[in-house]
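Inspection log for the structure reproduced underneath, given as structure tokens.
Remember, it's a predicted structure, so these values are computed and weren't measured experimentally.
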Amino acid sequence: IKDIKDWEKVSVILLLTLSTLGWLSRMYVRFRQRQRAHNVAKDLHPFYNSGDIRKATQYYVTTHFQSSPPSQYSELIHSHNVTAREPLIPFFLQSAFSTDAATDQGDPYLSRFYMILAGSGMGKTTFMINLYLAYLKQKRLGKAKYQIKLLPLGHPDVLKYIDKIDNRVQHFRVVVFTCRTQFFASEKEEPFETKVRKFGGRHGFHTFVKLYLSPFNQADIKQYLTKRYGVLESKKKEKALQIISQSPSLMVRPMILSN
């Protein structure tokens, strides 16, 4: 009996130790996130603050893209069945932002101008903040050498403002816009050609490469819940999964899932 009681004491101590270590680990991660958000917010002032950075990065799940609009399906969740998904940040860091890809001598299937399209709540701003941070990390590691700017076009005359910027970015290496698909009645009405002329023996105007954000799939949803609740809050995670199972089509939107 004494051995059993001693073992129970050891078990309790181990459980408390693991709980404490888990709590300290989460606190350290949160501290690092706050510190990083504060530093980055200085560069993005006055457009974004440290709270915006933390919100975009704390539970971030890798953004994927696809070549066809998910909105063409009656339910967003069905787009996963027939459309291939690819991680979006690696595409930009390894291809679109690479030295050769952004020049006229690069891959003709790449471009200097990209349009990220998605519906409301699909994570466009979250993606852009995380892309910005990922590129800064590449610079710190000596894998990137150019400057990067992140500017929200939340202006009342946003279309006129985009048009002005479009005419001023002819010397930028790469320009990435994001836009809601709701602004266009159909895929045919989405922007295709810029007003920036091609040079170096190439005729016409530069065109947009259109990339559509993919809705969350089941793996994305589980990854988000694991990041949000961790191991110690398994009951909350189970309850969240039950709620999601009752409305799976709604939860493929990151913004709805986060609430």
Side chain to side chain, [X] and [Y], heavy atoms closer than 4.5 Å:
X: Thr178; Y: Thr125; result: no
X: Thr63; Y: Asn130; result: no
X: Phe127; Y: Phe65; result: no
X: Arg228; Y: Lys236; result: no
X: Tyr48; Y: Leu150; result: yes
X: Val61; Y: Tyr59; result: no
X: His64; Y: Asn217; result: no
X: Pro215; Y: Arg85; result: no

Looking only at non-hydrogen atoms, find the nearest pair between [X] and [Y] and report the distance.
X: Ala134; Y: Ile89; result: CB-CG2, 3.9 Å
X: Gln66; Y: Ser68; result: NE2-O, 3.0 Å
X: Cys179; Y: Lys124; result: O-CD, 3.6 Å
X: Pro87; Y: Thr62; result: CB-CG2, 4.1 Å
X: Val174; Y: Ala96; result: CG2-O, 3.4 Å

**Request:** Go through the structure and list residues passing ring-ring contact (aromatic ring centres under 6.0 Å, His included) with Tyr229, not counting sequence neighbours.
**Result:**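 Partners of Tyr229 by the ring-ring contact (aromatic ring centres under 6.0 Å, His included) criterion come out as none, since no residue qualifies.
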**Asked** Sequence neighbours excluded, which residues qualify as ring-ring contact (aromatic ring centres under 6.0 Å, His included) partners of Tyr135?
**Response**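 Partners of Tyr135 by the ring-ring contact (aromatic ring centres under 6.0 Å, His included) criterion, ordered by chain and then number, come out as Phe97.
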**Prompt:** Would you say Val176 and Leu151 are hydrophobically clustered, going by side-chain heavy atoms of ILVMFWY under 4.5 Å?
**Reply:**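 Val176 clusters together with Leu151.
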**Message:** Check this for me: Lys222, atom NZ, are more than 12 non-hydrogen atoms of other residues, nucleotides or ligands nearer than 6.0 Å?
**Reply:**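 No, not enclosed.
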**Request:** For atom NZ of Lys139, decide whether the heavy atoms of other residues, nucleotides or ligands shown that lie under 6.0 angstrom number more than 12.
**Result:**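 Counting other residues, nucleotides and ligands, NZ of Lys139 exceeds 12 neighbours.
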**Asked** Can you list the steps and then say if Phe92 with Ile116 is a side-chain contact (heavy atoms from CB on, under 4.5 Å)?
**Response** CA-CA 12 Å; Phe92 277 107; Ile116 308 296; 4.0 Å; yes
So how far is it from [X] [atom1] to [Y] [atom2], rounded to the nearest 0.5 Å?
X: Met128; Y: Leu88; atom1: CE; atom2: CG; result: 9.5 Å
X: Lys55; Y: Asn49; atom1: NZ; atom2: CG; result: 10.5 Å
X: Gln218; Y: Ile221; atom1: CD; atom2: CD1; result: 4.5 Å
X: Gln58; Y: Ile53; atom1: CD; atom2: CD1; result: 13.0 Å
X: Leu131; Y: Leu136; atom1: CG; atom2: CG; result: 9.5 Å
X: Arg173; Y: Gln147; atom1: CZ; atom2: CD; result: 12.0 Å

**Message:** Can you classify the ring geometry of Phe91 versus Tyr114 as parallel (below 30°), tilted (30 to 60°) or perpendicular (above 60°)?
**Reply:**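 It falls in the perpendicular class, over 60°.
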**Request:** Using atom types as modelled and distance alone, determine if a side-chain donor or acceptor of Lys227 lies under 3.5 Å from a backbone N or O of Tyr60.
**Result:**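 It does hold such a pair.
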